[in-house]
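Only one structure is covered here, and it is reproduced in the block below.
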Amino acid sequence: MNRRILQVGPLKPSLATTLAERYDALVLPDDDTRAVFLAEHGPAIGAAVTTGRVGVQADLMTELPSLGAILNFGVGYDTTDVEAAAARGVLVSNTPDVLTDCVADIAIGLAIDTLRGLSAADRYVRRGDWSKVGNFPLTRKVSGKRVGILGLGRIGQAIATRFEAFGCPIAYHSRREVPGSPYSYAASPAELAAEVDILVVATSGGSRTQHLVDRKVLEALGPDGYLINIARGSVVDQDALVELLRDGGIAGAGLDVYTEEPKVPQELMSLDNVVLLPHLASGTVETRAAMEQLTLDNLDRWLADGTVLTPVPEVQQP
Ligand code: 8YV
């Protein structure tokens with residue numbers, strides 16, 4: 001088995017250092033030396049370590065004929081071509097569970113910030129408006145709001161549990177109804193949006209969920225509805241979202257993810273009914289350390305016996 005390890009894209013610095021020092025990993029160049037690098041080292045590469053921001057596409061896989069595993073730092077792996085990997089017998093692992101709590105916490109934080117205007121109020125105080133203008137305008141209550149979860153997977157479930165503690169009735173839409181779930185099931189994203197005050201996007205990304213939240217869904221959410229997205233920017237029609245936010249078609253949005261990160265539409269910058277985060281939901285010291293450890297554990301397992309601990313569902317273990 002070829003065992004050379006390849007780093008694809010930037011990684012958490014401590015992970016990159018460990019890969020280089022402990023595993024003698026190579027780093028894929030992203031400049032014009034890449035083709036020469038791949039011609040020289042491609043055939044020896046056994047495993048690639050990457051993140052959801054970069055991933056391994058089918059064309060890179062063809063340059064790595066001995067590739068046996070792609071280890072993804074992060075739960076989302078929509079930038080890796082899992083069908084091409086499965087067809088080539090390449091294993092793909094991700095880092096589920098260890099980041100669920102932090103991502104769910106940020107969904108709640110975004111909802112409270114968006115409805116109660118925390119970031120906007122902070123700007124208000126810093127501008128000196130409290131003494132110049134007077135009291136901050138009234139905001140919207142969070143407790144008891146009807147919450148819709150789009151994608152009741154591990155993270156969606158953790159978000160639902162947290163909102164339950166706020167006395168919020170929960171509904172959801174997933175590809176399939178979840179057996180035994182205490183929450184009410186809506187047959188489509190638009191039906192879900194129509195019956196809730198806060199719509200939380202918690203699906204995976206990729207072609208299957210591209211623009212699942214389209215203009216129709218946002219219009220169903222309506223002028224009193226709020227959108228929270230901690231999943232992937234690709235799930236939401238961002239142009240429609242910007243337009244509806246600007247024109248009062250929806251009440252507000254809390255966003256951790258965007259269509260083309262790190263680009264954030266300029267039109268959102270001046271809107272006080274929008275909270276903008278730089279894709280930080282899993283970004284705590286504790287959780288990123290756990291993601292790093294799980295990535296290395298997957299790599300060690302693959303080196304030991306050719307399997308991984310946390311394979312993505314689309315690929316079969318040997
Ligand atoms: C990370 C994420 O920001 O896990 C995911 O899918 O989006 C985040 O946890 C990212 O994967 C790390 O680069």
Side-chain angles (χ1 to χ4, degrees), residues 6-19 25 27-28 30 48-57 69-82 85 92-110 149-159 200-210 212-213 228-236 238 254-264 275-299 308-315:
L6 181 67
Q7 173 182 338
V8 179
L11 293 176
K12 185 173 185 275
S14 55
L15 176 56
T17 302
T18 303
L19 289 175
V27 180
L28 180 67
D30 65 355
V49 183
T50 190
T51 70
R53 306 215 169 161
V54 179
V56 178
Q57 289 303 305
I70 299 167
L71 299 315
N72 184 68
F73 175 92
V75 69
Y77 48 89
D78 45 306
T79 51
T80 286
D81 190 335
V82 280
V92 181
S93 68
N94 64 344
T95 61
D97 299 318
V98 293
L99 45 63
T100 299
D101 282 338
C102 275
V103 177
D105 292 351
I106 286 297
I108 302 297
L110 273 174
I149 310 282
L150 188 59
L152 198 66
R154 283 174 283 234
I155 293 173
Q157 180 60 59
I159 295 168
V200 184
V201 184
T203 60
S204 47
S207 53
R208 206 176 40 75
T209 56
Q210 172 84 15
L212 199 59
V213 177
I228 304 298
N229 189 1
I230 47 76
R232 285 290 182 265
S234 59
V235 185
V236 175
Q238 185 168 277
L255 307 173
D256 189 40
V257 289
Y258 308 86
T259 303
E260 213 187 318
E261 296 173 10
K263 283 193 200 148
V264 176
V275 177
L276 303 169
L277 300 182
H279 198 152
L280 54 61
S282 71
T284 61
V285 171
E286 297 89 337
T287 288
R288 288 284 165 86
M291 291 162 68
E292 176 173 353
Q293 190 57 53
L294 184 51
T295 304
L296 291 171
D297 289 347
N298 272 306
L299 178 56
V308 290
L309 293 167
T310 49
V312 304
E314 293 87 344
V315 300

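Hydrogens, waters and symmetry mates are skipped; everything else that's a heavy atom, side chains included, is used. Along the sequence shown, the residues carry numbers beginning at 1. Each ligand, and each atom within it, is numbered from 1 in the order the structure gives.
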Polar atom proximity, Gly74 to ligand 1 (N or O, under 3.5 Å):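 By distance alone, the answer is no.
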
Polar proximity ligand 1 side, Leu99 side, N/O cut 3.5 Å exclusive: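 Looking only at distances, the answer is no, because the N/O contact criterion of under 3.5 Å is not met.
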
Any donor-acceptor pair under 3.5 Å linking the side chain of [X] with the backbone of [Y]?
X: Ser93; Y: Thr310; value: no
X: Asp78; Y: Ser204; value: no
X: Ser282; Y: Val103; value: no
X: Thr17; Y: Pro13; value: yes
X: Gln7; Y: Gly9; value: yes
X: Asn298; Y: Leu71; value: no

Closest to atom 7 (O) of ligand 1 among Lys12, His279, Glu261 (heavy-atom distance):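 Closest candidate by heavy-atom distance is His279.
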
Neighbour count above 12 (heavy atom, 6.0 Å) for Asp30 CG: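 Open.
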
Atom 11 (O) of ligand 1 - nearest protein heavy atom and its distance: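 Of every protein heavy atom, Phe73 O, 3.4 Å lies nearest to atom 11 (O) of ligand 1.
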
Nearest non-hydrogen protein atom, atom 8 (C) of ligand 1: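 That would be Ser282 OG, 3.4 Å.
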
Proximal ligand 1 atoms for [X], defined as those under 4.0 Å from one of its heavy atoms:
X: Arg53; result: 3 (O), 13 (O)
X: Arg288; result: 1 (C), 3 (O)
X: Met291; result: 9 (O)
X: Arg232; result: 2 (C), 5 (C), 6 (O), 7 (O)
X: Val75; result: 4 (O), 5 (C), 6 (O)

